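Everything numeric in this text was worked out from a predicted model, so none of it was measured. Values reported hereafter were calculated over all heavy atoms of this structure, with side chains retained and with hydrogens, waters and symmetry mates removed.
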Amino acid sequence: MAGACDSAIAIIVKFISMGTSSYLVEADSRSATFAGLAMLSVGEFSLLIASLSKGIVTEIDLVGLTSVLVLTTSLATGLLIDKNDAIGRWVTKAMPSRLTETGRKI
């Protein structure tokens, strides 16, 4: 259960941060949405870091948790990137226009 919650948090945070930062550097909403979706997956390098920390952190199975994160975020990237246009339209509708205008001014 903790792996699914961690994966959902990772997906949401990475999508929002990458999409927003892309949008603020003058990308259009479609490109910003694609950038946010393309960067969802947690890299395999995280498995190496988790395995090296095995002797340091003993209470948590970091390799197992990281494996779940890598798998679920990779699957989510593959499934959601096909829906880029629909997600982009939804984000554009959900985003308040005042926030969009303020972000563009920055």
Side-chain angles (χ1 to χ4, degrees):
M1 185 67 175
C5 184
D6 293 339
S7 296
I9 291 170
I11 287 169
I12 292 168
V13 168
K14 288 181 87 174
F15 175 73
I16 290 172
S17 61
M18 188 62 196
T20 302
S21 61
S22 296
Y23 188 75
L24 291 177
V25 294
E26 300 296 323
D28 61 357
S29 60
R30 185 173 188 268
S31 298
T33 303
F34 181 79
L37 292 173
M39 297 303 291
L40 288 181
S41 62
V42 173
E44 296 81 16
F45 186 67
S46 302
L47 288 170
L48 176 65
I49 295 170
S51 67
L52 291 175
S53 68
K54 204 171 194 175
I56 299 169
V57 180
T58 57
E59 302 90 33
I60 302 170
D61 179 19
L62 285 179
V63 175
L65 181 62
T66 305
S67 298
V68 170
L69 278 171
V70 169
L71 177 66
T72 56
T73 57
S74 296
L75 288 173
T77 300
L79 295 172
L80 293 175
I81 211 153
D82 287 337
K83 310 248 186 275
N84 179 38
D85 291 329
I87 294 170
R89 284 191 301 271
W90 179 82
V91 168
T92 301
K93 280 185 198 177
M95 186 77 61
S97 61
R98 187 172 179 188
L99 180 64
T100 303
E101 292 167 8
T102 304
R104 287 293 184 172
K105 288 178 185 175
I106 296 173

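- Members clustered with Met18: Met39, by chain and number, using a 4.5 Å side-chain heavy-atom cutoff among hydrophobic residues.
- Residues satisfying the side-chain contact (heavy atoms from CB on, under 4.5 Å) criterion with Leu79, sequence neighbours excluded, are absent altogether.
- Under a 4.5 Å side-chain heavy-atom criterion applied to ILVMFWY residues, the cluster that includes Leu71 comprises Leu75 as well.
- In this structure, OG1 in Thr72 is found 10.5 Å from CG in Leu40, a value given to the nearest 0.5 Å.
- Every residue meeting the salt bridge (Lys or Arg N to Asp or Glu O under 4.0 Å) condition with Arg30, not counting sequence neighbours, appears here in chain and number order: Asp85.
- Ala76 and Ile11 make their closest contact through CB-CD1, 3.6 Å (heavy atoms, listed as atom of the first residue, atom of the second, distance).
- No continuous path of ILVMFWY side-chain contacts below 4.5 Å connects Val70 to Phe45, so the two sit in separate hydrophobic clusters.
- Residues forming a side-chain hydrogen bond (donor to acceptor under 3.5 Å, both in side chains) with Ser74 (at least two apart in sequence, or on another chain): none.
- Remark: Ala38 engages Phe34, Ile81 in a side-chain contact (heavy atoms from CB on, under 4.5 Å) (not counting sequence neighbours).
- Counting only residues at least two apart or in different chains, side chain to side chain donor-acceptor pair (under 3.5 Å) contacts with residues 31-43 comprise Asp28-Ser31.
- Here the straight-line distance linking atom CD1 of Ile9 with atom NZ of Lys14 works out to 14.0 Å at 0.5 Å rounding.
- No donor-acceptor pair closer than 3.5 Å links the side chain of Thr66 to the backbone N or O of Val63.
- The side-chain contact (heavy atoms from CB on, under 4.5 Å) test applied to Val91 returns Phe15, Ile87, Met95, not counting sequence neighbours.
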